[in-house]
Amino acid sequence: MDPKYDAKTVELKWQQTFDQPGFFKPNASKEDPYVIMMPPPNVTGVLHNGHALFVTLQDVLMRFHRMKGRKALWLPGTDHAGIATQTVVERELAKNEYKTRREIGREAFVERIWKWVKQNGATIVTQMKQLGASADWSRHKFTLDPDLSHAVNEAFVRLWNEGLIYRGERLVNWDPGTQTALSNEEVDHITRKGELFKFAYKIKDSDEQIIVATTRPETMLGDTAIAVNPKDKRYIDLIGKFVTHPFFPERKIQIIADPMVDLEFGTGAVKITPAHDHNDFAMGERHKLERITIFTLDGKINQQGGVYQGLDRFAARQKIKEDLEALGFAHGSDPIEHNVSISSRSGEDIEPLLSRQYFVSMVDMGKQAYDAVHNGETRIVPASWKKTYDHFMLNIQDWCISRQLWWGHRIPVFYDLEKLAGRKLSDLSDQEVRELSVASTEDLVAKHGAQKFIQEKDVLDTWFSSALWPFSTLGWPNQTEDLKIFYPSAVLETGFDILFFWVARMMMFGIHFMGKPPFADIYLHAMVRDAHGRKMSKSLGNAIDPTDVIDGITLDDLLAKTKTYPVPAKILPQVLEGLKKDYPEGIPASGADGLRLSLAMLSGQGRDVKLAIPRVSGYRAFLNKIWNATRFALMRLGEEPVLPLEQVRTNLKLEDKYILSRLNQVIGEIDKSLSNYEFSAASETLYQFFWTEFCDWYIELAKLRIESQEVRSVLVELLSVSTRLLHPFCPFVTEEIWTNLPGQKGYCSFAEFPKSDASYVDLEAESEFKKLQEIIVMIRNARQESNLPAQKKLPGVILADTQADLDFIAGYQDAIRRLALLESIELKLRSEYTAPKLSAINSNSTYDTVLLLEGLLDLGAEKQRLTKELEKIQKELFGLEQRLGNAGFVSKAPPEVLEQHRAQQIDLSQKRDRIENNLRNL
RNA sequence: GGUCCUGUAACUCAGUUGGUAGAGUGCCACCCUUACAAGGUGGAGGUCGUAAGUUCGAGUCUUACCGGGACCACCA
């Protein structure tokens with residue numbers, strides 16, 4: 001192995017192996033499948049930390065279960081991501097050719113997108129491979145692949161024929177930016193400062209007027225009623241009367257009473273625009289009000305708006321306010337902070353708009369999906385998300401699945417031109433659509449010609465195809481062998497942010513089409529944030545590119561890169577200062593293994609992942625440690641064959657027994673943690689064990705007997721087991737180490753995950769070893785705290801009360817000499833020894849360690865050290881005595897706790913006596 | 001308005017059924033000890049957000065309050 005660990009070299013080498021076609025195909029001969037369906041990233045995507053996190057966590061699970069012998073399938077893919085992709089290509093088109101998609105036409109535009117996808121779609125896949133994702137890439141699926149498209153059509157047709165998909169006119173969330181309808185989940189709500197504008201409507205045939213308040217004055221063009229609360233004394237006489245619209249005097253606008261109106265808010269009188277507000281729409285239904293649509297699809301005033309026609313909605317707002325002012329109807333305005341709906345796609349204000357769209361009935365499917373979790377068929381981890389899931393499923397509304405886009409699965413509804421007899425599709429009633437159309441999985445236009453059929457223009461919401469992912473990827477609707485074996489999957493691992501978008505819908509469709517939920521567990525990971533817990537975003541300038549963590553980046557490059565992000569100029573200087581503070585040295589290269597290990601370490605359940613670079617650096621150092629520990633062993637093992645551990649078992653010494661005991665306990669802990677999705681606990685345990693126990697203690701002691709057969713066997717065992725334990729977290733470096741270990745064949749990827757062997761667990765050896773550790777630490781401490789020369793080997797004496805205690809030490813004099821840097825050791829009974837004045841003494845309950853320091857010791861420093869130690873012990877002892885003196889404690893505490901306290905009291909008081917004695921001797 | 005998460009060392013986090021606080025990084029001191037300076041050894045540093053309650057005993061359970069965050073609903 002190279003003397004220096006270089007992540008890049010190792011990772012490039014092993015990536016080639018992992019990349020071999022079918023390398024991670026599930027083993028055909030084994031049963032007991034373990035399946036994860038990879039959440040398909042957008043085909044337009046480039047790797048961000050969210051991807052890095054899910055790849056890490058899922059790959060840990062996959063590698064863990066694969067090594068445990070399960071028939072492991074990780075099925076990868078990419079998503080066509082309707083709006084996102086279309087928008088990207090539209091932008092390119094505008095930038096490069098100054099054309100809109102409408103100018104080049106649907107067919108040509110879709111062709112452009114395909115071209116783009118073929119050119120750039122592999123990026124994200126390549127990046128996931130660089131992270132070591134052990135997916136079965138030979139099964140890679142794209143949501144627009146012919147087989148998946150067929151599944152989409154099939155699902156649509158079935159739901160249509162079952163009456164669960166319907167076409168209807170509803171008030172939908174219209175995005176004037178992308179010019180399509182959106183589902184409720186695609187709408188964000190933000191708080192914004194605005195104004196509550198007040199204006200008067202004149203009561204017909206009267207001098208009276210009624211003042212309404214609104215944040216959207218322009219919608220008054222579509223007002224068809226005024227509503228007041230029936231209990232409102234101010235307006236009680238006006239109910240039933242009509243008002244005059246200032247711009248459309250012929251329109252009938254009645255004052256109606258409805259309990260939904262809040263007496264306290266505004267003026268207590270609400271203008272009602274049933275065609276452009278969800279509440280008003282509902283009120284319109286109750287009172288049979290006329291709906292007047294006043295906007296065009298791109299958010300301008302339409303022909304219903306009279307002189308305002310053609311104005312943008314925001315310009316119209318201004319103009320109408322001015323005109324009302326001029327007419328004397330305006331009554332001032334109040335500032336208001338209110339929630340507005342914006343498109344998560346374009347960022348534009350959502351315009352509620354009456355529109356004919358396709359919907360899926362959700363109530364029954366929602367109930368079934370709720371039941372599946374409720375009765376434990378599917379488990380949500382962490383369980384805290386259960387309530388959120390329940391609430392969504394039980395309050396679910398119908399899902400608007402049609403999108404006015406060109407990129408996606410075109411809705412498989414075909415109209416018979418003959419029956420249509422020249423009528424426009426947009427004029428058809430819902431009932432007529434049913435009668436004149438046919439939903440088919442076949443392309444009827446291709447089959448019968450464009451003279452006979454035309455197809456629905458709209459495409460389906462991206463999430464419709466994603467909802468089928470757990471089974472469409474396995475060949476559904478065909479009853480394939482794969483479907484039988486690999487459905488349902490073991491766990492869905494994904495971010496909580498797509499719980500509604502994706503998880504919920506897979507649950508519903510899985511149950512509906514396959515008869516059982518698509519996964520046994522749902523594990524929801526948290527968001528990756530920056531070191532300070534802020535959401536990472538390019539416009540905040542705090543987004544860390546995972547490839548920069550892998551390859552490293554200098555501060556200068558990082559600053560330069562951030563300047564290319566869309567950070568508002570106003571905050572840019574401050575952002576750059578922040579970066580200089582957070583990454584004074586830039587970001588060191590940690591490799592994919594380092595990034596993975598860090599993400600796993602930082603993944604506490606139900607807690608955000610804060611990507612703190614200093615911690616990442618710590619874990620990268622750990623990989624270096626593993627590398628060097630292995631090198632050490634390999635260099636010292638020599639050429640002679642290493643005996644199997646069982647053969648040397650009878651000759652094991654204390655430190656061997658100790659480390660093997662710990663090893664076998666650690667195996668159990670890690671297995672348990674990983675089985676419970678406790679990634680952080682599992683990796684933390686490994687880290688502590690390997691570095692502290694294996695490297696700092698065992699290897700240091702093993703150096704004394706490095707030639708012995710036992711040590712050679714133990715070392716190999718330790719490395720073999722820990723390499724496999726580490727493998728799920730850092731596959732590259734462990735694979736490299738694995739090939740270098742003596743006696744190992746094949747790949748670490750397919751090696752057996754270690755099993756805990758209880759016969760090696762030896763608590764007595766552990767506690768004896770602890771005694772040895774304590775003595776060594778006591779001597780080290782005395783040496784350093786007394787400001788003694790660090791390298792000078794000193795003579796030492798160890799004291800105890802009984803010969804048995806001394807005999808125990810006798811076997812480890814070499815170890816103590818080496819680890820505590822002593823020149824010689826004498827063992828004496830306390831009764832037979834008095835320490836010379838010039839000595840540094842430390843004590844525990846059993847032993848005194850004495851460093852003999854003729855001419856070296858600073859008496860004052862020594863006195864100070866002992867006094868400090870004494871104070872600490874007295875404080876502890878005081879607490880113990882308090883508790884033991886408490887009658888309630890003595891009578892009510894469980895016996896073992898009481899016993900423990902008493903033992904500790906004796907321990908500490910003995911220690912105190914020793915120190916006092918030592919102090920006197922000085 | 002509803003739901004959920006969160007507050008522990010300077011920073012980022014562990015802390016499983018209540019038994020008296022740990023890690024990494026940083027800091028201080030000393031060491032280039034032949035696997036590793038991406039290292040070793042020792043050390044300093046915490047009234048566990050605040051208050052009350054339950055208990056012999058609370059970081060852990062209960063309640064209230066304060067702070068940070070997320071989601072859902074709603075506001076004309």
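Throughout, protein chains are lettered first and strands after them, A, B, ... in sequence-line order, and every chain is numbered starting at 1. Quick caveat: nothing in here was measured; it's all calculated off a predicted structure.
With B:C4, B:C56, B:U41 as the candidates, the nucleotide lying closest to the side chain of A:R780 is B:U41. Distance from the side chain of A:R529 is smallest for B:G69 among the nucleotides B:G69, B:A76, B:A38. Listed nucleotides: B:G42, B:A76, B:A35. Nearest to the side chain of A:T214: B:A76. Listed nucleotides: B:C71, B:U12, B:A35. Nearest to the side chain of A:A612: B:U12. The side chain of A:E700 lies closest to B:C36 when the candidates are B:C36, B:A38, B:C56. In the set B:C72, B:G42, B:C5, the nucleotide with an atom closest to the side chain of A:H391 is B:C72. For A:K625, the listed nucleotide lying nearest its side chain is B:G40; candidates were B:G40, B:U12, B:C56. Set against B:G43, B:A38, B:U12, the side chain of A:K4 has B:A38 as its closest nucleotide. Nearest to the side chain of A:F500, among B:U12, B:C71, B:A76, sits B:C71.
Rounded to whole Å, atom P of B:A73 lies 18 Å from atom NE2 of A:H338. For A:Y698 and B:A35, the OH to P distance is 16 Å, given to the nearest whole Å.
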Between the protein and nucleotides 21-30 of chain B, which nitrogen or oxygen pairs are less than 3.5 angstrom apart?
residue : atom : partner : partner atom : Å
B:A23   : O2'  : A:Q688  : NE2          : 2.9

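Backbone-only contact: A:D696 has heavy atoms under 4.0 Å from sugar-phosphate atoms and none from a base. Contacts of A:K793 with the nucleic acid, taken as non-hydrogen atoms under 4.0 Å apart, are absent. Using a 4.0 Å heavy-atom criterion, one finds that A:R818 contacts no nucleic acid atom at all. Among the atoms of the strands shown, base atoms are found under 4.0 Å from some heavy atom of A:I699. A:P894 comes within 4.0 angstrom of a base, heavy atoms only.
Taking the six-membered ring where the residue is Trp, A:Y677 and A:F679 present tilted rings, their angle falling between 30° and 60°. Taking the six-membered ring where tryptophan is involved, the planes of A:F622 and A:W691 are essentially parallel, since the angle between them stays under 30° and well short of 60°.
Along RNA chain B, the nucleotide nearest to A:S680 and the one nearest to A:N628 differ in position, and the one closer to the 5' end is contacted by A:S680. Along RNA chain B, the nucleotide nearest A:T630 and the nucleotide nearest A:D608 are compared for position; the residue whose nucleotide lies closer to the 5' end is A:D608.
A heavy atom lying under 4.0 Å from RNA chain B marks the following residues of residues 269-277 of chain A, by number: A:V270. Of the residues in residues 588-600 of chain A, not one comes within less than 4.0 Å of RNA chain B through any heavy atom.
If you check the side chains of A:D262 and A:N229, you find no donor sitting under 3.5 Å from an acceptor. For A:T273 and A:K271, the side-chain atoms include at least one donor-acceptor pair closer than 3.5 Å.
Of the possible donor and acceptor atoms, none in the side chain of A:N173 sits under 3.5 Å from a partner among the backbone N and O of A:E186.
Base-pair partner of B:G1: B:C72 (Watson-Crick or G-U wobble, both distances under 3.5 Å).
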